[in-house]
Undergrad: 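Input: one structure, supplied below.
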Amino acid sequence: MHVDDFLKELDAALGSQYILRDDQDKVPYLTDWRGLYTGIALAVVLPKDTAQIVAIVKICQQYQVAIVPQGGNTSLTGSATPEASGSQIVVSLKRMNAIRHLDLQNQTITVEAGCILQVVQEEVKKHDAFFPLSLAAQGSCTIGGNLATNAGGTNVLRFGNARDLCLGLEVVTPQGEILHGLRGLRKDNTGYDLRNLYIGSEGTLGIITAAVMKLYPAPINHSAALVAVADFPMMMGLLHFLQKRASAELTAFEMMTQESIDLTIQHFPQFDTPIIHQAPFTILIELFEYQEEKLPTASSMLEGLLEEAMQHAFLGDAVLANNLSQVKAFWQIREHITMAQAKEPENLKFDIAFPLSNLSGFIAETDQMLRQAFPGIRIINFGHLGDGNLHYNLCAPKDADPGYMADHESKIVSMVYQQITQFAGSISAEHGIGQLKREHLKQHRGDVAYHVMQNIKRALDPDNLFNPNKVLIRHDL
Ligand code: FAD
Ligand code: 2HG
Ligand code: ZN
């Protein structure tokens, strides 16, 4: 391969200022958010539209250069980071950030893949509509990345994940063809569901260039509470009680353990409030309110429900947000757990899901096993409990020698993964496989599922040029 010829062709297609070659310019694109992986890229390429992506893909095919698509680079599994070989290019979608069409009658918005999630949320809000996808990285992650990872976040309980919010995609295939699927249909049973194949494929099957996303009526108000809960039976009782009594309004049921709260307050003392220290678990509950004239309001409804739940002994104490800024303050605690853990030098993340009926068994047994085998280990367990999704993360003991996690990682991972299998869980609830979990996919999903995935990848990307060695291991293809 003649690198110079390859780069010259890219220059001609995009303009040389959009082909980053300088080491300093490339730095922000080469390391993942957690700092676990750093790669090397021949170039970072910044297309402005779908036609330029087609051109890039065709040039890459001619020179057999692999492409790593990248949105906001907030992946927690190293899925948007190139390999260390230096033979790949990063295609950053961040210049492709136009809002193509807002269709209020159809309650949809058509956006380019590089649109920042928060920009989409704010845009639709101006039109009294609501886009429900919500996560702590929303200021920098993109719709393309959200779809490529099938992101979840904090409103899944009521509105579903990125997949559930998407009605259509425009995709550039590894052959450089454009799949035109921006149709905004809520029903469409015409053959295989290609949209759902690309969603969650982590850039390994195609580059998503635009998407039609569903909108909802904007809530007129939010109410939230922080609730102290002593144990799992109480927590499940509370969840079921709220689902039964407020299923239309209940949008979030997020769990934080005392240890995850302690770590957050240690690093962000400004978010401290007495209720979060009262019990082993704190639950953040949010209700949306839609009707102006409805009585009781969401806030008084939540208050009434919590009083009733207290009589059933589903909770200890509770604090209700008095206004929107307090609702936001409650969320700050929950959303800063990840930031707090990022300040700890040595940590492991397990983004896992279980049938709700198995959650408490997994936690009780696994906590005990880990504490016994690794005295002092800090279990930073929190997550989207209503979805059965735990962020079962670990930090090294406070007094541990440097290198503690690296020394024990393989033993801890195999212990936790065995437990996930035993409790019929998933090794990735929402962050995907990327490079972090690729060695575990085959065993976790089984030979047949893995074989079907291999066949799909071989059929759609026979030269393995789209994000190779992510999700599926290179030598399996
Ligand atoms: P990137 O990180 O750039 O890419 C992610 C993957 O998508 C890579 O495989 C990449 O190749 C591929 N990709 C990106 N754009 C495209 C495209 N246009 N076409 C094809 N492939 C593409 N995730 C959750 O699910 N729920 C959460 O609550 C959540 N919270 C988070 C909080 C923090 C603080 C952080 C740092 C991350 C969080 N994440 C969460 C993980 C991550 O933010 C999301 O998965 C997000 O969806 C990734 O979007 P991105 O644009 O940053 O994608
Ligand atoms: C969240 O729910 C994100 O806040 C990040 O998915 C979870 O830090 C994590 O492990
Ligand atoms: Zn999450």
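Counting begins at 1 with the first residue of the sequence. Whatever order the structure lists ligands and atoms in, that order sets their numbers, starting from 1.
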Undergrad: Against His391, only a single residue in Gln341, Glu430, Lys349 fulfils side chain to side chain donor-acceptor pair (under 3.5 Å); can you say which?
TA: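 The residue from Gln341, Glu430, Lys349 that satisfies side chain to side chain donor-acceptor pair (under 3.5 Å) with His391 turns out to be Glu430.
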
Undergrad: Is it the case that Glu83 and Asn469 place a side-chain donor and acceptor less than 3.5 Å from each other?
TA: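 Yes, a side-chain donor-acceptor pair sits under 3.5 Å.
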
Undergrad: Could you tell me whether Glu112 and Lys48 make a salt bridge, using a distance below 4.0 angstrom between a side-chain N and a carboxylate O?
TA: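 No, this pair does not count.
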
Undergrad: Mark yes or no: Arg95 above the aromatic ring of Tyr18, with NZ or CZ under 6.0 Å from the six-membered ring centre and no more than 45 degrees from the axis.
TA: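 Yes, Arg95 sits over the ring of Tyr18.
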
Undergrad: Can you give me the closest heavy-atom contact between Lys457 and Asn464, atom names plus distance?
TA: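 So the minimum-distance heavy-atom pair works out to CE-OD1, 3.1 Å.
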
Undergrad: May I ask you to list the protein N, O or S atoms found at less than 2.8 Å from the Zn ion (ligand 3)?
TA: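 Listed by chain and number, the nearby protein N, O or S atoms are His384 NE2, His391 NE2, Glu430 OE2.
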
Undergrad: Please verify the inter-ring angle class for Phe159 with Phe288; under 30° counts as parallel, over 60° as perpendicular, anything in between as tilted.
TA: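 Aromatic pair Phe159/Phe288 classed tilted.
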
Undergrad: Take every heavy atom of Asp351, measure it against each atom of ligand 2, and state whether any distance is under 4.0 Å.
TA: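 The answer is no: ligand 2 sits nowhere under 4.0 Å from a heavy atom of Asp351.
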
Undergrad: If you measure only the distance, is there a donor-acceptor pair under 3.5 Å linking the side chains of Thr209 and Glu170?
TA: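 There is such a pair (donor and acceptor under 3.5 Å, judged by atom type) between the side chains of Thr209 and Glu170.
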
Undergrad: Provide the number and element of each atom of ligand 2 under 4.0 Å from a heavy atom of His391.
TA: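 Contacts of ligand 2 toward His391, numbered from 1: 1 (C), 2 (O), 3 (C), 6 (O), 7 (C), 10 (O).
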
Undergrad: Decide, yes or no, whether a salt bridge links Glu344 with Arg378 under the criterion of side-chain N to carboxylate O below 4.0 Å.
TA: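 Salt bridge flag = yes for Arg378 with Glu344.
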
Undergrad: Please give the N or O to N or O pairs under 3.5 Å between ligand 1 and the protein, distances rounded to 0.1 Å.
TA:
residue  : atom   : partner : partner atom : Å
ligand 1 : 2 (O)  : Thr74   : N            : 3.0
ligand 1 : 2 (O)  : Ser75   : N            : 2.8
ligand 1 : 3 (O)  : Gly71   : N            : 2.7
ligand 1 : 3 (O)  : Gly72   : N            : 3.4
ligand 1 : 3 (O)  : Asn73   : N            : 2.9
ligand 1 : 9 (O)  : Ser79   : O            : 3.2
ligand 1 : 9 (O)  : Ser79   : OG           : 3.1
ligand 1 : 9 (O)  : Glu202  : O            : 3.0
ligand 1 : 9 (O)  : Asn467  : ND2          : 3.4
ligand 1 : 11 (O) : Pro69   : O            : 2.6
ligand 1 : 11 (O) : Asn467  : ND2          : 3.3
ligand 1 : 18 (N) : Ile208  : O            : 2.9
ligand 1 : 19 (N) : Ile208  : N            : 2.9
ligand 1 : 25 (O) : Gly152  : N            : 2.8
ligand 1 : 25 (O) : Glu430  : O            : 3.4
ligand 1 : 26 (N) : Gly153  : N            : 3.3
ligand 1 : 26 (N) : Glu430  : OE1          : 3.2
ligand 1 : 26 (N) : Glu430  : OE2          : 3.1
ligand 1 : 43 (O) : Thr74   : OG1          : 2.6
ligand 1 : 45 (O) : Thr149  : OG1          : 3.2
ligand 1 : 47 (O) : Asn146  : ND2          : 2.8
ligand 1 : 47 (O) : Thr149  : OG1          : 3.2
ligand 1 : 51 (O) : Gly72   : N            : 2.8
ligand 1 : 51 (O) : Thr142  : N            : 2.8
ligand 1 : 51 (O) : Thr142  : OG1          : 2.7
ligand 1 : 52 (O) : Gly72   : N            : 3.3
ligand 1 : 52 (O) : Asn73   : N            : 3.2
ligand 1 : 52 (O) : Thr74   : N            : 2.9
ligand 1 : 52 (O) : Thr74   : OG1          : 2.7

Undergrad: What do you reckon, does Gln341 put a non-hydrogen atom under 4.0 Å from ligand 2?
TA: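 So Gln341 does not count as touching ligand 2.
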
Undergrad: Any idea which protein heavy atom is nearest atom 5 (C) of ligand 2, and the distance to it?
TA: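 The closest heavy atom on the protein side is Thr338 OG1, 3.4 Å.
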
Undergrad: Identify, by atom number and element, the atoms of ligand 2 in contact range of His384, meaning under 4.0 Å from any of its heavy atoms.
TA: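 Every atom of ligand 2 under 4.0 Å from some heavy atom of His384: 2 (O).
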
Undergrad: Parallel, tilted or perpendicular: which fits the ring planes of Tyr392 and Phe350, with parallel below 30° and perpendicular above 60°?
TA: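 Ring orientation, 0 to 90° scale: tilted.
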
Undergrad: Quick check on contacts: which atoms of ligand 2 are under 4.0 angstrom from a heavy atom of Asn393?
TA: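 The list of qualifying atoms is 8 (O), 9 (C), 10 (O).
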
Undergrad: Fit a plane to each ring of His440 and Tyr417, take the angle between them on a 0 to 90° scale, and name the class: parallel (under 30°), tilted (30 to 60°) or perpendicular (over 60°).
TA: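 Perpendicular: the ring planes of His440 and Tyr417 meet at over 60°.
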
Undergrad: Strictly distance-based, threshold 3.5 Å: is any side-chain N or O of Ser260 a donor or acceptor partner for the main-chain N or O of Met256?
TA: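 Such a contact is absent between Ser260 side chain and Met256 backbone.
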
Undergrad: Just one of Thr31, Thr81, Asp32 clears the side chain to side chain donor-acceptor pair (under 3.5 Å) bar with Thr38, so which one?
TA: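 Filter result, single survivor: Thr31.
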
Undergrad: Judged on heavy-atom distance to atom 1 (C) of ligand 2, which of His431, Met339, Arg334, Lys349 sits nearest?
TA: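 Shortest heavy-atom distance from atom 1 (C) of ligand 2: Arg334.
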
Undergrad: Give a yes or no on whether the ring-centroid distance for Phe362 and Phe354 is below 6.0 angstrom.
TA: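 Close enough - the centres of the two rings lie under 6.0 Å apart.
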
